[in-house]
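Numbering of ligands and ligand atoms starts at 1, following listing order. The shown structure was predicted, so the numbers you read here are calculated from the model rather than taken from an experiment.
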Amino acid sequence: MPTETVYGLAADAADPMAVARVFEAKGRPRFNPLIAHVADLAAGDRIAVLDDRARKLADAFWPGPLTLVAPLRDPSAVCDLARAGLDTVAIRVPGHPLARALLARFGRPVVAPSANRSGRPSPTTFADAVEETGDKAAAGLDGGPCLVGLESTVVAVLDGPARLLRPGAVTRAQIEALIGPLAEAEADAKRSPGRMALHYAPDAPVRLNAEEPNPGEAFLAFGPSGDQAFNLSPSGDLAEAAANLFAMLRAADRTRPSAIAVAPIPGEGLGEAINDRLNRAAGFVG
Ligand code: TXA
Ligand code: MG
């Protein structure tokens, strides 16, 4: 299933057999819960308890690249396995027209983790999704390249302050402008079970903050530079860099380099999510 962020491997959220096959296809640890995708806020309301903060964020960013983790209301809508047994559920209303059409026609929540095998970079084109898990899928929808290119921002709206569990396409500043300061996810590791090191990793090692490549390395430049094979954004635009990141990591990897060296990326705005993915690709906990 295409979404505006990355391609997902979709299944009926209520069907434990289907959900088990998604975990199996990805080689994903069973303790890492999935996101339930729904058609609209009303559908989200039926499966989770969305407080005022959640509602504000949903109004502002749905449909779009934001996932809310909220207390579970209807345990039958998203099966236990999909939630990894938690009494919370992650919900997102995606913005991609094909995803929206699929969800509207299906009429029930659809789990869709990124369609990569566990630990690998997320697929942002149909071809990359097919390469990762296509042999395990009954069908595939080609929605073209993903415009955002980074996974959704995950925010927990539970008891206490809202927490940023995964930086993503909706920036910290955009969220804080609506609901005030976000607490750090690190203080609450048990509530963000998917945030392990060495994630999003290509086969080649990744070297960060590189001014230039060493012999044998592939180089991902950022901003004006010579005629580099890979430039995340020649104009230094973070949105463009986000959209290119995973596809370029994969393309660089295909050249079988000794390592992939990546130029420094500014940390503000979307840069927080880009650096989070790069740190994990390099094996550092972000
Ligand atoms: O952009 C996206 O979110 C993509 C597209 C396909 O929608 N999906 C995606 O799914 O990135 P996945 O499974 O790769 O990442 C889901 C993240 C994981 O970090 C997981 O641990 C977290 O959401 N998550 C899911 N349910 C949770 C819960 N109840 N509590 C805390 N974290 C949860
Ligand atoms: Mg993923």
I'd like to check which ligand 1 atoms, numbered from 1 as shown, lie under 4.0 Å from a non-hydrogen atom of [X].
| X | result |
| --- | --- |
| N32 | 18 (C), 20 (C), 21 (O) |
| G8 | 6 (C) |
| S152 | 1 (O), 2 (C), 3 (O) |
| A90 | 25 (C), 26 (N), 27 (C) |
| P113 | 10 (O), 12 (P), 13 (O) |
| L86 | 28 (C), 29 (N), 30 (N) |
| S114 | 8 (N), 9 (C), 10 (O), 12 (P), 14 (O) |

Under a plain distance cut-off of 3.5 Å, with no hydrogens placed, do [Y] and [X] share a side-chain donor-acceptor pair?
| X | Y | answer |
| --- | --- | --- |
| R92 | T3 | yes |
| E151 | S122 | yes |
| S152 | R166 | yes |
| D237 | S235 | no |

Determine whether the aromatic ring centres of F219 and F230 lie less than 6.0 Å apart. no
Please determine whether a side-chain nitrogen of the Lys or Arg among [X] and [Y] lies less than 4.0 Å from a carboxylate oxygen of the Asp or Glu.
| X | Y | answer |
| --- | --- | --- |
| D45 | R55 | yes |
| R254 | D128 | yes |
| D276 | R280 | yes |
| R108 | D12 | yes |

Heavy-atom proximity to atom 24 (N) of ligand 1, picking from A169, P71, P33, P65, points to P33
Compare K26, H37, R163 and give the one whose heavy atom is closest to atom 7 (O) of ligand 1. H37
Nearest-0.5 Å distance that lies between atom OH in Y7 and atom OG in S114: 14.0 Å
Assess S114: does it contribute an N, O or S atom lying under 2.8 Å from the Mg ion (ligand 2)? yes
Within the 4.0 Å heavy-atom cut-off, what L165 brings close to ligand 1 is side chain
Given that the side chain starts at C-beta and the backbone is N, CA, C, O, which of these parts of R28 lies under 4.0 Å from ligand 1, counting heavy atoms, or is it both or neither? side chain
Looking only at distance, does [X] have an N or O less than 3.5 Å from an N or O of ligand 1?
| X | value |
| --- | --- |
| T5 | yes |
| T88 | yes |
| E151 | no |

So is [X] close enough to ligand 1, meaning a heavy atom under 4.0 angstrom away?
| X | answer |
| --- | --- |
| M1 | no |
| R83 | no |
| A112 | yes |

Minimum-distance pair of heavy atoms, taken over all atoms of P94 and R100: O-CG, 3.4 Å
